[in-house]
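Along the sequence shown, the residues carry numbers beginning at 1. All values derive from a computational prediction rather than experimental measurement.
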Amino acid sequence: KNLTNLSTNISGADYIGGITGYRNNTATGDSQSITNSANISGGQYVGGLWGEGIGTANLALSDLRNTGTVSGTMNVGGIGGDMSVTGGAVTVSTILNQGAVTGTQDRVGGILGQFSNTSATPISISSIRNEGNVAGRNYVGGMLGYYTGNANSSSLSSVSNAGKVTAQAVSSNSYVGGLIGYVGLSG
């Protein structure tokens with residue numbers, strides 16, 4: 001709780017974040033009032049707050065903010081490069097990205113590059129806003145670049161994007177959206 005990173009630049013290869021490169025949440029917990037102002041760069045799994053996050057237990061994320069630029073190859077996001085939920089209820093609220101997000105490859109989003117939810121328990125996402133420009137190759141979105149999940153356990157509300165979303169696709173199927181680049185639902 002109450003973490004702020006004011007560093008100027010953070011760079012590395014893969015799994016790079018302003019707060020943590022890799023987060024594995026196996027116990028019930030929450031993350032509140034976390035801000036990154038540093039510019040973040042790397043390869044795969046790069047995010048303003050975390051590179052990759054995995055959740056297998058109840059988790060609450062709230063009041064998360066990134067103002068730094070984020071760049072990488074794939075799975076790049078303003079808040080997190082990737083978030084995978086395999087169990088437990090997850091609540092995500094009051095999230096803001098204001099930094100530009102750039103990926104040279106796929107799965108690039110203003111908030112998350114990739115989000116997957118295979119949990120049968122509820123996932124609630126609300127009050128999310130992206131203000132940074134987002135650019136990638138394929139699967140590019142103002143909020144999420146690539147989303148797969150259980151249709152019966154996910155809800156989105158009060159989600160907005162004010163940033164420009166651009167894809168430099170190499171195929172006819174670039175999957176680009178103002179909010180979500182690609183959605184694959186099951187269930």
Report the distance from atom [atom1] of [X] to atom [atom2] of [Y], rounding to the nearest 0.5 Å.
X	Y	atom1	atom2	value
Gln44	Asp14	CD	CG	5.0 Å
Tyr45	Tyr15	OH	OH	5.0 Å
Thr94	Leu64	OG1	CG	8.5 Å
Thr91	Ile123	OG1	CD1	8.0 Å
Gln98	Glu131	CD	CD	4.5 Å

Identify whether [X] and [Y] are in the same connected component of the hydrophobic contact network (ILVMFWY, side-chain heavy atoms under 4.5 Å).
X	Y	answer
Val70	Val134	yes
Ile125	Leu179	yes
Leu61	Val85	yes
Leu49	Val159	yes
Val165	Val183	no

Are the side chain of [X] and the backbone N or O of [Y] linked by a donor-acceptor pair below 3.5 Å?
X	Y	answer
Asp106	Tyr139	no
Asn39	Thr69	yes
Asn75	Asp82	no

Minimal non-hydrogen separation, [X] against [Y], with atom names:
X	Y	answer
Ala38	Asn9	CB-N, 4.5 Å
Thr166	Lys164	OG1-CE, 3.6 Å
Gln168	Ala135	NE2-CB, 4.4 Å
Asn173	Asn138	O-OD1, 3.7 Å
Asp63	Ser33	OD2-OG, 3.0 Å
Leu112	Met83	CD1-CB, 4.0 Å

Query raised in the report: With respect to Ile95, which candidate in Ile79, Asn66, Ile34 satisfies the side-chain contact (heavy atoms from CB on, under 4.5 Å) definition?
Result: Ile79
Query raised in the report: Looking only at side chains, do Ser84 and Ser116 share a donor and an acceptor under 3.5 Å apart?
Result: yes
Query raised in the report: Do the side-chain N and O atoms of Arg129 and Ser160 include a donor-acceptor pair separated by under 3.5 angstrom?
Result: yes
Report task. Apply side-chain contact (heavy atoms from CB on, under 4.5 Å) to the pair Thr102 and Val76, showing each step before the final yes or no. Result -> CA-CA 7 Å; Thr102 306; Val76 181; over 6 Å; no
Requested in this report: Under the side-chain contact (heavy atoms from CB on, under 4.5 Å) rule, what do Leu156 and Ile180 come out as? Steps first, then yes or no, please.
Outcome: CA-CA 11 Å; Leu156 291 172; Ile180 303 173; 4.1 Å; yes
Requested in this report: Would you please test Val92 and Phe115 for side-chain contact (heavy atoms from CB on, under 4.5 Å) and show each step?
Outcome: CA-CA 12 Å; Val92 180; Phe115 179 56; over 6 Å; no
Requested in this report: Please step through side-chain contact (heavy atoms from CB on, under 4.5 Å) for the pair Asn161 and Met143, ending with a clear verdict.
Outcome: CA-CA 7 Å; Asn161 173 50; Met143 185 180 79; 5.8 Å; no
Query raised in the report: Which of parallel (below 30°), tilted (30 to 60°) and perpendicular (above 60°) describes Tyr182 and Tyr146?
Result: parallel
